[in-house]
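Read the structure below first, then the notes.
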Amino acid sequence: MQTRIEKISNIKDASAIFAEAGEILRGGGLVAFPTETVYGLGANGLDAAACAKIYAAKGRPSDNPLILHVADRAMVDMAAAEVTPMAERVLAAFAPGPVTVILPKRGEVPASVTGGLSTVGVRMPDNDIARAMIRAAGVPIAAPSANTSGRPSPTTAAAVRADMDGKIPLILDGGACKFGVESTIVDCTGARAAILRPGAVTREMLAEVLGELAPPPVVDEKEAPRAPGMKYTHYAPIAPLTLISALHENLSEAFCVAVREAKAAGKRPSVIVSKETAERLAHLVPPEHIAVFGGAGDLPAMAAHLYECLRAFDGKDADVLFAETVEETGLGVAIMNRLKKAAGGRIRYV
Ligand code: AMP
Ligand code: MG
């Protein structure tokens, strides 16, 4: 299959492209599209056969459920049997935006889309291209991140093409994603709201709207996953990644030690670090082996560039990677959640 990329600079000039995307989606095909979090791989969320193509294109385990994306509040009712008062408050405060609410599912939503769960995840993306495409399709759009399962999520159309070329007919190119990490997932079906995956809508922001939140649930490996990434490998670069956690004053020295050790073992190390650490490593690590994900402490920039940095050394001559950590508060919780999964739990504390 030929994969076409359509660059959309102004949605007003793109009505023919949205009409075509809507037609592909209603016909049971796949379209990749930008959102404010990461690029999604969309299919008609009420069509089990169409959604099966998502699982096939990604190589995604079939018990890992999909989020349904809607264009407006009215469309939430096409996916959810009931919108709980808690979910109404979350939607009123943060939709459209980087948050997904878990609600009881409608009968029309195929069980294969929800991994056999009786609940469904619903999200209204804060991206004009995404909402125009969903409106053109006229149905909730099931969309996981548009990457091969297990790989870093795509935050540019080029990253989508790297994983999806030849597998899907159309990629809508809306430029780089604003937030760069997937939506916060909030289970709104219980007595207290529970965060199933951290994202740019932080625990603090949710607590302001909802009051006290439940502590994160523990996963049972034998059950269907309640949230993304809780069970499967996620976000992994090709070369193995180790995180380096150190006090600020020890950080560059800790990286120097790790890089020297790796070189002594005959390896070709590369690093993913803040701008400040990059400057302090310049004498030891050549620029092509350094990816900078933002200024130290600039969490929005670090989140936005995280997945591009995790993909930066794929296909290059790096065979071990080291990445800097961030403080686990606010948006840092989401960044560290993705980094720890990308590293498969390998952290060196200095
Ligand atoms: P992604 O992994 O990037 O495809 O993001 C979508 C994630 O949303 C999936 O991995 C799911 O685990 C999560 N999700 C979707 N529906 C549900 C649900 N009903 N309950 C809990 N998590 C869900
Ligand atoms: Mg994903």
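Please read all numbers here as calculations on a predicted model, not as lab measurements. Just so you know, ligand 1 is whichever comes first in the structure, and atom 1 is the first atom listed for that ligand.
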- Message: Within a 6.0 Å radius of atom CD on Glu23, are there more than 12 heavy atoms belonging to other residues, nucleotides or ligands?
- Response: no

- Checked the Mg ion (ligand 2): protein N, O or S atoms closer than 2.8 Å come out as Ser145 OG

- Answer with side chain, backbone, both or neither: which part of Ile185 has a heavy atom less than 4.0 angstrom from an atom of ligand 1? side chain

- Answer yes when Glu88 and Arg73 have at least one side-chain N-carboxylate O distance shorter than 4.0 Å, and no when they do not. yes

- Item | Which segment of Val38 sits under 4.0 Å of ligand 1 when only heavy atoms are counted | neither

- Return yes or no for this condition: an N or O of Asn64 is under 3.5 Å from an N or O of ligand 1. yes

- Message: Looking at Thr184 and Val201, would you say the former's side chain and the latter's main chain have a donor-acceptor pair under 3.5 Å?
- Response: yes

- More than 12 non-hydrogen atoms from neighbouring residues, nucleotides or ligands closer than 6.0 Å to NZ on Lys267, yes or no? no

- For ligand 1, which atoms have a heavy atom of Val120 less than 4.0 angstrom away? 19 (N)

- Message: I need the atoms of ligand 1 closer than 4.0 Å to a non-hydrogen atom of Ile67, numbered in the order shown.
- Response: 6 (C), 7 (C), 8 (O), 15 (C)

- Task: Please say whether more than 12 non-hydrogen atoms of neighbouring residues, nucleotides or ligands are located less than 6.0 Å from CD in Glu249.
- Result: yes

- Query: Would you say Arg60 touches ligand 1, if touching means a heavy atom closer than 4.0 Å?
  - Reply: yes

- Task: Flag the pair Asp317 / His289 as yes when at least one side-chain heavy-atom distance between them is below 4.5 Å, and no otherwise.
- Result: yes

- Task: Give the atoms of ligand 1, by number and element, whose distance to some non-hydrogen atom of Gly121 is under 4.0 Å.
- Result: 16 (N), 19 (N)

- Message: Testing the 3.5 Å rule here: is there a donor-acceptor pair between the side chains of Glu182 and Ser145?
- Response: no

- Short list, please: which atoms of ligand 1 are under 4.0 Å from a heavy atom of Thr119? 18 (C), 19 (N), 20 (N)

- Contact partition for Leu117 relative to ligand 1, non-hydrogen atoms under 4.0 Å: side chain

- Task: Working to the nearest 0.5 Å, report the span between CG of Leu30 and CD1 of Ile171.
- Result: 11.0 Å

- Task: Rounded to the nearest 0.5 Å, what's the gap from CG on Leu41 to CG on Asp163? Could you check?
- Result: 10.5 Å

- Item | Donor-acceptor pair between Thr37 and Ser183 side chains, under 3.5 angstrom | no

- Task: Name the option, out of His234, Glu182, Arg197, that contains the heavy atom nearest to atom 5 (O) of ligand 1.
- Result: Arg197

- Item | Numbered atoms of ligand 1 (with element) below 4.0 Å of Leu66, judged on heavy atoms | 15 (C), 16 (N)

- Query: Considering residues, nucleotides and ligands other than Lys53, do more than 12 of their heavy atoms fall under 6.0 Å from its NZ?
  - Reply: yes

- Item | Element-labelled atoms of ligand 1 that are located less than 4.0 Å from some non-hydrogen atom of Ser145 | 3 (O), 4 (O)

- Message: Keeping Arg338 on the side-chain end and Ala334 on the backbone end, is there a donor-acceptor pair under 3.5 Å?
- Response: yes

- What are the atoms of ligand 1, with element, lying closer than 4.0 Å to any heavy atom of Pro144? 4 (O)

- Any Thr114 heavy atom less than 4.0 Å from ligand 1: no

- Query: Between Tyr307 and Tyr235, what is the ring plane arrangement, given parallel below 30°, perpendicular above 60°, and tilted in between?
  - Reply: tilted

